[in-house]
Amino acid sequence: MKDFLIKNSITIIAFSVIFGFIFYGYTIHLEKKKYFDEGETLYTVGEVVNYNYAKKSYNVYYTYMRNGNLINDISSADNAANNSVYRKHISNVDKMKNLLIGKKFFVKFNVEKPKYAEIYFNLPVHEEFQYEEGQTWKKPLKRAVAKLDVYGNYR
(Lines give C-alpha, C1' and ligand atoms only; values in the text may rest on other atoms or scores of the structure.)
Protein backbone atom coordinates (compact mmCIF):
# COMPACT_ATOMS: atom_id res chain seq x y z
CA MET A 1 0.00 0.00 0.00
CA LYS A 2 2.84 2.37 0.87
CA ASP A 3 4.50 1.75 -2.53
CA PHE A 4 1.22 2.46 -4.29
CA LEU A 5 0.84 5.80 -2.47
CA ILE A 6 4.41 6.83 -3.24
CA LYS A 7 4.17 5.90 -6.94
CA ASN A 8 0.83 7.62 -7.39
CA SER A 9 1.25 10.60 -5.06
CA ILE A 10 1.06 13.21 -7.85
CA THR A 11 -2.12 11.62 -9.22
CA ILE A 12 -3.66 11.45 -5.76
CA ILE A 13 -2.78 15.10 -5.07
CA ALA A 14 -4.17 16.20 -8.44
CA PHE A 15 -7.46 14.38 -7.88
CA SER A 16 -7.67 15.82 -4.36
CA VAL A 17 -7.21 19.37 -5.67
CA ILE A 18 -9.75 18.87 -8.44
CA PHE A 19 -12.26 17.37 -6.01
CA GLY A 20 -11.61 20.28 -3.62
CA PHE A 21 -12.37 22.85 -6.35
CA ILE A 22 -15.55 21.03 -7.36
CA PHE A 23 -16.69 20.78 -3.75
CA TYR A 24 -15.92 24.47 -3.12
CA GLY A 25 -17.80 25.58 -6.24
CA TYR A 26 -20.80 23.45 -5.39
CA THR A 27 -20.85 24.78 -1.83
CA ILE A 28 -20.80 28.38 -3.09
CA HIS A 29 -23.57 27.55 -5.57
CA LEU A 30 -25.75 26.06 -2.80
CA GLU A 31 -25.12 29.04 -0.52
CA LYS A 32 -26.09 31.52 -3.26
CA LYS A 33 -29.21 29.51 -4.07
CA LYS A 34 -30.14 29.45 -0.38
CA TYR A 35 -29.83 33.21 -0.02
CA PHE A 36 -31.77 33.86 -3.23
CA ASP A 37 -34.54 31.35 -2.48
CA GLU A 38 -34.93 31.74 1.29
CA GLY A 39 -33.41 35.11 2.13
CA GLU A 40 -34.83 38.60 1.75
CA THR A 41 -34.08 39.94 -1.71
CA LEU A 42 -34.60 43.35 -3.29
CA TYR A 43 -34.29 44.77 -6.79
CA THR A 44 -32.42 47.85 -7.89
CA VAL A 45 -31.14 49.26 -11.17
CA GLY A 46 -27.72 48.25 -12.44
CA GLU A 47 -25.70 49.35 -15.45
CA VAL A 48 -23.65 47.05 -17.68
CA VAL A 49 -20.01 48.20 -17.89
CA ASN A 50 -18.38 45.28 -19.74
CA TYR A 51 -18.98 41.91 -21.36
CA ASN A 52 -16.35 39.30 -22.18
CA TYR A 53 -15.30 35.70 -22.40
CA ALA A 54 -13.01 34.55 -19.59
CA LYS A 55 -12.31 31.28 -17.82
CA LYS A 56 -14.46 29.30 -20.26
CA SER A 57 -17.60 31.38 -19.67
CA TYR A 58 -19.29 34.51 -20.93
CA ASN A 59 -19.51 37.15 -18.21
CA VAL A 60 -21.32 40.42 -17.79
CA TYR A 61 -19.81 43.09 -15.54
CA TYR A 62 -22.18 45.62 -14.00
CA THR A 63 -22.45 48.23 -11.27
CA TYR A 64 -25.24 49.21 -8.90
CA MET A 65 -25.63 51.33 -5.79
CA ARG A 66 -26.19 49.73 -2.39
CA ASN A 67 -26.35 51.84 0.79
CA GLY A 68 -24.52 54.69 -0.91
CA ASN A 69 -21.71 52.44 -2.14
CA LEU A 70 -21.04 51.60 -5.77
CA ILE A 71 -20.92 47.82 -6.11
CA ASN A 72 -18.99 46.26 -9.01
CA ASP A 73 -20.22 42.78 -9.75
CA ILE A 74 -20.02 40.01 -12.32
CA SER A 75 -22.62 37.47 -13.44
CA SER A 76 -22.68 34.59 -15.84
CA ALA A 77 -24.17 35.67 -19.16
CA ASP A 78 -26.04 32.34 -19.30
CA ASN A 79 -27.97 33.27 -16.16
CA ALA A 80 -28.40 36.94 -17.08
CA ALA A 81 -29.65 36.21 -20.60
CA ASN A 82 -32.13 33.54 -19.56
CA ASN A 83 -35.58 34.26 -21.09
CA SER A 84 -34.31 37.31 -22.98
CA VAL A 85 -33.78 38.34 -26.59
CA TYR A 86 -30.03 38.35 -25.89
CA ARG A 87 -29.94 34.58 -25.33
CA LYS A 88 -29.05 33.70 -28.92
CA HIS A 89 -26.13 36.17 -29.01
CA ILE A 90 -24.24 35.44 -25.78
CA SER A 91 -21.32 33.85 -27.63
CA ASN A 92 -20.85 36.92 -29.87
CA VAL A 93 -18.81 39.12 -27.53
CA ASP A 94 -18.54 42.13 -29.86
CA LYS A 95 -22.26 42.19 -30.59
CA MET A 96 -23.14 41.80 -26.91
CA LYS A 97 -20.79 44.64 -25.97
CA ASN A 98 -22.53 46.89 -28.50
CA LEU A 99 -26.00 45.86 -27.29
CA LEU A 100 -25.34 45.96 -23.54
CA ILE A 101 -22.65 48.37 -22.39
CA GLY A 102 -24.25 51.45 -20.88
CA LYS A 103 -27.71 49.82 -20.70
CA LYS A 104 -29.60 49.48 -17.44
CA PHE A 105 -31.33 46.36 -16.15
CA PHE A 106 -32.87 45.28 -12.89
CA VAL A 107 -30.50 43.61 -10.44
CA LYS A 108 -31.70 41.27 -7.70
CA PHE A 109 -29.57 41.04 -4.57
CA ASN A 110 -29.78 39.50 -1.13
CA VAL A 111 -30.25 42.07 1.65
CA GLU A 112 -28.13 40.16 4.17
CA LYS A 113 -25.36 39.27 1.71
CA PRO A 114 -25.38 41.76 -1.20
CA LYS A 115 -22.47 39.90 -2.80
CA TYR A 116 -25.14 37.47 -3.98
CA ALA A 117 -26.61 39.41 -6.87
CA GLU A 118 -27.80 38.73 -10.39
CA ILE A 119 -28.57 41.03 -13.31
CA TYR A 120 -31.54 40.20 -15.56
CA PHE A 121 -31.41 41.01 -19.28
CA ASN A 122 -35.11 40.19 -19.59
CA LEU A 123 -35.81 43.18 -17.30
CA PRO A 124 -34.36 46.19 -19.13
CA VAL A 125 -35.08 49.55 -17.49
CA HIS A 126 -36.97 52.03 -19.62
CA GLU A 127 -34.76 55.03 -20.50
CA GLU A 128 -37.38 57.51 -19.26
CA PHE A 129 -37.90 55.79 -15.89
CA GLN A 130 -37.00 58.19 -13.07
CA TYR A 131 -35.44 56.77 -9.90
CA GLU A 132 -32.88 57.66 -7.27
CA GLU A 133 -29.54 55.83 -7.37
CA GLY A 134 -29.67 52.95 -4.91
CA GLN A 135 -33.46 52.91 -4.72
CA THR A 136 -34.81 49.40 -4.12
CA TRP A 137 -38.07 47.54 -4.67
CA LYS A 138 -39.42 44.17 -3.56
CA LYS A 139 -40.30 43.36 -7.20
CA PRO A 140 -39.24 44.97 -10.48
CA LEU A 141 -41.70 47.73 -11.32
CA LYS A 142 -43.75 46.85 -14.39
CA ARG A 143 -43.90 50.51 -15.41
CA ALA A 144 -40.09 50.67 -15.34
CA VAL A 145 -39.47 47.70 -17.63
CA ALA A 146 -38.93 48.77 -21.24
CA LYS A 147 -41.81 47.78 -23.52
CA LEU A 148 -39.56 47.37 -26.58
CA ASP A 149 -36.71 44.90 -26.81
CA VAL A 150 -33.32 45.80 -28.27
CA TYR A 151 -34.64 45.15 -31.80
CA GLY A 152 -37.63 47.46 -31.40
CA ASN A 153 -40.13 44.62 -30.95
CA TYR A 154 -42.92 44.95 -28.40
CA ARG A 155 -42.76 42.50 -25.53
Original post:
Where do A54 and N59 come nearest, in terms of heavy atoms and distance?
Top reply: O-ND2, 3.5 Å
Original post:
Taking atom CG of N67 and atom CG of L70, what is their separation to the nearest 0.5 Å?
Top reply: 12.5 Å
Original post:
Do the rings of F105 and Y86 sit parallel, tilted or perpendicular, given the 30° and 60° boundaries?
Top reply: perpendicular
**OP:** Begin with the C-alpha distance, continue with both residues' side-chain angles, and end with the deciding distance and a verdict on side chain to side chain contact (heavy atoms under 4.5 Å, CB included) for I101 and V49.
**Re:** CA-CA 5 Å; I101 292 179; V49 294; 5.9 Å; no
Subject >> Any donor-acceptor pair under 3.5 Å from N110 side chain to E112 backbone >> reply: yes
Original post:
What orientation do W137 and F106 show, parallel under 30°, tilted 30 to 60°, or perpendicular over 60°?
Top reply: perpendicular
Original post:
Between M65 and Y61, is there a shared hydrophobic cluster once you connect ILVMFWY residues whose side-chain heavy atoms come closer than 4.5 Å?
Top reply: no
Subject >> Under 3.5 Å side-chain donor-acceptor pair for Y43 and T136 >> reply: no
**OP:** Decide yes or no on side chain to side chain contact (heavy atoms under 4.5 Å, CB included) for I71 and T63, but give the supporting numbers first.
**Re:** CA-CA 5 Å; I71 307 289; T63 61; over 6 Å; no
**OP:** Mind checking the NZ-OG1 spacing from K104 to T44? Nearest 0.5 Å is all I need.
**Re:** 10.5 Å
**OP:** Please tell me if the side chains of V111 and R66 come closer than 4.5 Å, counting only heavy atoms from C-beta onward.
**Re:** yes
**OP:** List the steps and the verdict of side chain to side chain contact (heavy atoms under 4.5 Å, CB included) for K108 and I119.
**Re:** CA-CA 6 Å; K108 179 180 178 182; I119 191 166; over 6 Å; no
Original post:
Between CG of N50 and NZ of K97, what distance do you get to the nearest 0.5 Å?
Top reply: 5.0 Å
Original post:
Going by atom types alone, do Y62 and K103 pair a side-chain donor with an acceptor below 3.5 Å?
Top reply: no
**OP:** Please tell me if the side chains of S91 and Y58 come closer than 4.5 Å, counting only heavy atoms from C-beta onward.
**Re:** yes
Original post:
If you measure from CE on M96 to CG on L99, what distance do you get to the nearest 0.5 Å?
Top reply: 6.5 Å
**OP:** Could you please spell out the steps behind the side-chain hydrogen bond (donor to acceptor under 3.5 Å, both in side chains) verdict for N82 and S84?
**Re:** CA-CA 6 Å; N82 202 15; S84 78; over 6 Å; no
Original post:
Are E40 and K138 ion-paired here, with the side-chain N under 4.0 Å from a carboxylate O?
Top reply: yes
**OP:** State, to 0.1 Å, how close S75 and A117 come at their nearest heavy-atom pair, and which atoms those are.
**Re:** OG-O, 3.9 Å
Original post:
For the atom pair CD (E118) and CD1 (I74), what is the distance rounded to the nearest 0.5 Å?
Top reply: 10.5 Å
Original post:
Relative to each other, are the rings of Y64 and F109 parallel, tilted or perpendicular (30° and 60° limits)?
Top reply: parallel
Original post:
Hey, mind stepping through Y51 and V93 against side chain to side chain contact (heavy atoms under 4.5 Å, CB included) and telling me if it holds?
Top reply: CA-CA 7 Å; Y51 185 91; V93 174; 4.2 Å; yes
Subject >> S76 OG to I90 CD1 distance, which is reported to the nearest 0.5 Å >> reply: 7.0 Å
